[in-house]
Amino acid sequence: MTAAAHTHLVYASFFLDASSGTRCSFISNSGPRHSVMAASAPSTYTKLPECLMNGGLHTSLTNIVQNGHSSMNDEVQNGHSSLNEVQNGYSSLQNCTKTESSFDEGEAMLKLVLDLVLKTKLVTGMSTSEKVVNFKHPKELKEVLLVGVERSGCSLEEVEEVLQQVVHYSVKTQHPYFYNQLYGGIDEVALAGAWVTEALNTNQYTYEVAPVFILVEDYVISQLTNIFGYSNGDGIFAPGGSMSNMYAMVMARYKKYPDVKRTGVFGLKPLVAFSSDQGHYSVSKSASWLGLGMDNVVSVASDSEGRMKPEALVEAVARARARGCEPFFVNATAGTTVLGAYDPFHQLADVCAQEDLWLNVDVST
Ligand SMILES: Cc1ncc(COP(=O)(O)O)c(C=O)c1O
């Protein structure tokens, strides 16, 4: 079983030990877009389902991204050799920051940031007389915004001016009149955690490099899996809903065909996923990324309130089997993107149990 949840600081996917035999995932996609990835990689590989273990998803994802990145670089570099210079400049900057501060007034700048956040009430207490956004057309904004990379650097006063601009022209998601279903807001505790996380600037590779965060990660995951009633659950932090849904699809595919990690999908019947006509497009994106093909995500009819019709699912599964395909994954949604509909999970779970399908619940608030 898999489950996912979100806090102020992180997106996360949580799942039960795959060996439990349960076939369901629960993917949460709520909260602010700018979540701080306090934990971005699985720390406890040994406890994770085989398909997500080292050499599995994490590695292959990294490879895809890295391969894509390097071939992109090749193309970009052919046309723009100056990229190399930027890269060289960047690495020498990195070397320099390792030994000495690159900005003499660093401490003053940090105080200035804190001051700005408090003074402009970026976390709580923003007045409704402020605008949610001081909107400017991109062309106009480009003209006033102090953005640039220069050799000479800038003074603390100039930094302050830039920071004020950043705040002034940004959307204030904490404003009492800011309404959007995808934001969970910010508070002092979350921001403090984010700042400390950034200042420590570590990662989640191993216990050796992140002893505290690994324990925090373990704790958060176990708390969340417990909420869903699973005492032997495990999880993985994910950078958003699309990635969570893709993790779920990877696990479902692995459950059906454990060899797929080695063999790929060659020689298999086309694997087919199902999502309602209100489901998020990230399910199709996942099918595309996993080499299953977007055409193999079947759109299942929903009722007048946007909930997937279980009988339509049964029919769609039968039709897929009749044309020689292998149904493997059903995506249900708890809070569809447009209507906020909740699919009938119990009925869908019954269909999935009968048809031997993995049920994923994509949660969005
Ligand atoms: C129901 C649902 N699932 C998945 C997603 C994708 O989330 P993300 O943009 O974080 O990848 C969204 C985003 O709006 C959504 O509403």
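Computation of the quantities below employed the complete heavy-atom set of this structure, encompassing side-chain atoms and omitting hydrogens, waters and symmetry-equivalent molecules. The first residue of the sequence shown is numbered 1, and numbering continues consecutively from there. Whatever order the structure lists them in is the order used to number ligands and atoms, beginning at 1.
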Colleague: Using a heavy-atom cut-off of under 4.0 Å, does the side chain or the backbone of Ser282 touch ligand 1, or both, or neither?
Modeller: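 Side chain only.
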Colleague: Does any N/O atom on Thr333 come nearer than 3.5 Å to any N/O atom on ligand 1?
Modeller: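 Checking ligand 1 against Thr333, no N or O pair falls under 3.5 Å apart.
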Colleague: Please list, in number order, the atoms of ligand 1 under 4.0 Å from a heavy atom of Gly240.
Modeller: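 Ligand 1 atoms under the 4.0 Å threshold to Gly240: 10 (O).
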Colleague: Between ligand 1 and Thr336, is the shortest N or O to N or O distance under 3.5 Å?
Modeller: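 Not met; the criterion fails.
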Colleague: Below 3.5 Å, N or O to N or O, backbone or side chain included: is there any such pair between Met243 and ligand 1?
Modeller: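 No; the residue has no nitrogen or oxygen that sits under 3.5 Å from a nitrogen or oxygen of the ligand.
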Colleague: As a test of understanding, state which of Ser284, Ser282, Ser276 forms a side chain to side chain donor-acceptor pair (under 3.5 Å) with His280.
Modeller: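 When Ser284, Ser282, Ser276 are each tested with His280, the side chain to side chain donor-acceptor pair (under 3.5 Å) holds only for Ser282.
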Colleague: Taking only residues two or more places apart in sequence, or in another chain, which ones meet Tyr281 in a side-chain contact (heavy atoms from CB on, under 4.5 Å)?
Modeller: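 Here the qualifying residues are Lys285.
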Colleague: Write out all pairs satisfying salt bridge (charged side-chain N to carboxylate O under 4.0 Å, His left out) with one or both partners inside residues 289-312, taking only residues at least two apart or from two chains.
Modeller: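 Those involving residues 289-312 are Asp303-Arg307, Glu305-Arg307.
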Colleague: In ligand 1, which numbered atoms sit nearer than 4.0 Å to a non-hydrogen atom of Thr337?
Modeller: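 Taking each heavy atom of Thr337 in turn, ligand 1 has 1 (C), 2 (C), 14 (O), 15 (C), 16 (O) under 4.0 Å.
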Colleague: Report the C-alpha distance between Phe329 and Leu271 in whole Å, list the side-chain angles of each, state the deciding distance to 0.1 Å, and finish with yes or no for side chain to side chain contact (heavy atoms under 4.5 Å, CB included).
Modeller: CA-CA 9 Å; Phe329 179 84; Leu271 289 166; over 6 Å; no
Colleague: Can a donor-acceptor pair be found between the side chains of Asn245 and Asp362 at a distance below 3.5 Å?
Modeller: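 Checked: Asn245/Asp362 side chains pair up, N/O donor to acceptor below 3.5 Å.
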Colleague: If you measure from each heavy atom of Asp362 to ligand 1, is any distance below 4.0 Å?
Modeller: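 The answer is yes: ligand 1 sits under 4.0 Å from a heavy atom of Asp362.
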Colleague: Looking only at non-hydrogen atoms, find the nearest pair between Asn203 and Ala210 and report the distance.
Modeller: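 Here Asn203 and Ala210 meet closest at O-CB, 3.0 Å.
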Colleague: Can you list the atoms of ligand 1 that are under 4.0 Å from a heavy atom of Ser242?
Modeller: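 Matching atoms, with element in brackets: 6 (C), 7 (O), 8 (P), 11 (O).
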